[in-house]
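A quick write-up on the structure given underneath.
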Amino acid sequence: MSNGKINLMKKAAVTIDYSLYAGRWIALVRDRVAGVGRTADEARRAAKVSRPKDDPQVVHVPKNYRKGDKLTD
């Protein structure tokens, strides 16, 4: 039975450790890694396989990237 209250779960802020992808290109869809590749095109194609309707944002993760650094595109 319900007591009439709706329990809404708050979306937890998730920090992705992009250092796992250092030296690679990643394709982001809705702030999640949807594809990874050695080239931007590889990452984009990988993202399209898993998220065909979404347009990914493709960025390069520098080899010297450390957790907490800011990614630039």
Side-chain angles (χ1 to χ4, degrees):
M1 267 191 132
S2 174
N3 63 3
K5 293 183 181 179
I6 299 173
N7 183 10
L8 298 175
M9 294 180 61
K10 290 184 180 181
K11 188 175 181 179
V14 177
T15 303
I16 300 172
D17 182 6
Y18 295 112
S19 66
L20 302 171
Y21 308 103
R24 302 270 182 170
W25 287 86
I26 59 173
L28 302 170
V29 174
R30 300 179 189 173
D31 296 325
R32 292 179 177 234
V33 177
V36 180
R38 291 184 193 149
T39 66
D41 192 51
E42 276 184 15
R44 181 176 282 106
R45 282 187 279 128
K48 284 295 190 179
V49 169
S50 63
R51 306 291 304 189
K53 293 182 180 181
D54 292 310
D55 189 30
Q57 175 189 8
V58 180
V59 295
H60 185 258
V61 181
K63 286 184 181 181
N64 62 349
Y65 180 88
R66 286 185 270 165
K67 187 174 182 177
D69 288 352
K70 185 164 179 132
L71 287 179
T72 58
D73 47 348

Minimal heavy-atom distance between V61 and Y18, with the atoms involved, is CG1-O, 3.5 Å

Scanning both residues in full, the closest heavy-atom pair of D69 with N64 reads OD2-O, 4.2 Å

Solution key, residues 40-49 side-chain donor-acceptor pairs under 3.5 Å, sequence neighbours excluded:
{"residue": "D41", "atom": "OD2", "partner": "R45", "partner atom": "NE", "Å": "2.9"}
{"residue": "D41", "atom": "OD2", "partner": "R45", "partner atom": "NH2", "Å": "3.3"}
{"residue": "E42", "atom": "OE1", "partner": "R38", "partner atom": "N", "Å": "2.8"}
{"residue": "K48", "atom": "NZ", "partner": "D54", "partner atom": "O", "Å": "2.7"}

*Going only through I, L, V, M, F, W and Y residues with side-chain contacts under 4.5 Å, is there a path from V59 to L20?*
yes

With sequence neighbours left out, the residues meeting side-chain contact (heavy atoms from CB on, under 4.5 Å) with S19 are D17, Y65

- Message: Any heavy-atom pair between the side chains of R32 and R51 that's under 4.5 Å?
- Response: no

Residues 59-68 vs salt bridge (Lys or Arg N to Asp or Glu O under 4.0 Å), sequence neighbours excluded, gives none

Quiz item: Is it true that V29 and V58 fall in one hydrophobic cluster, defined by side-chain heavy atoms closer than 4.5 Å?
Solution: no

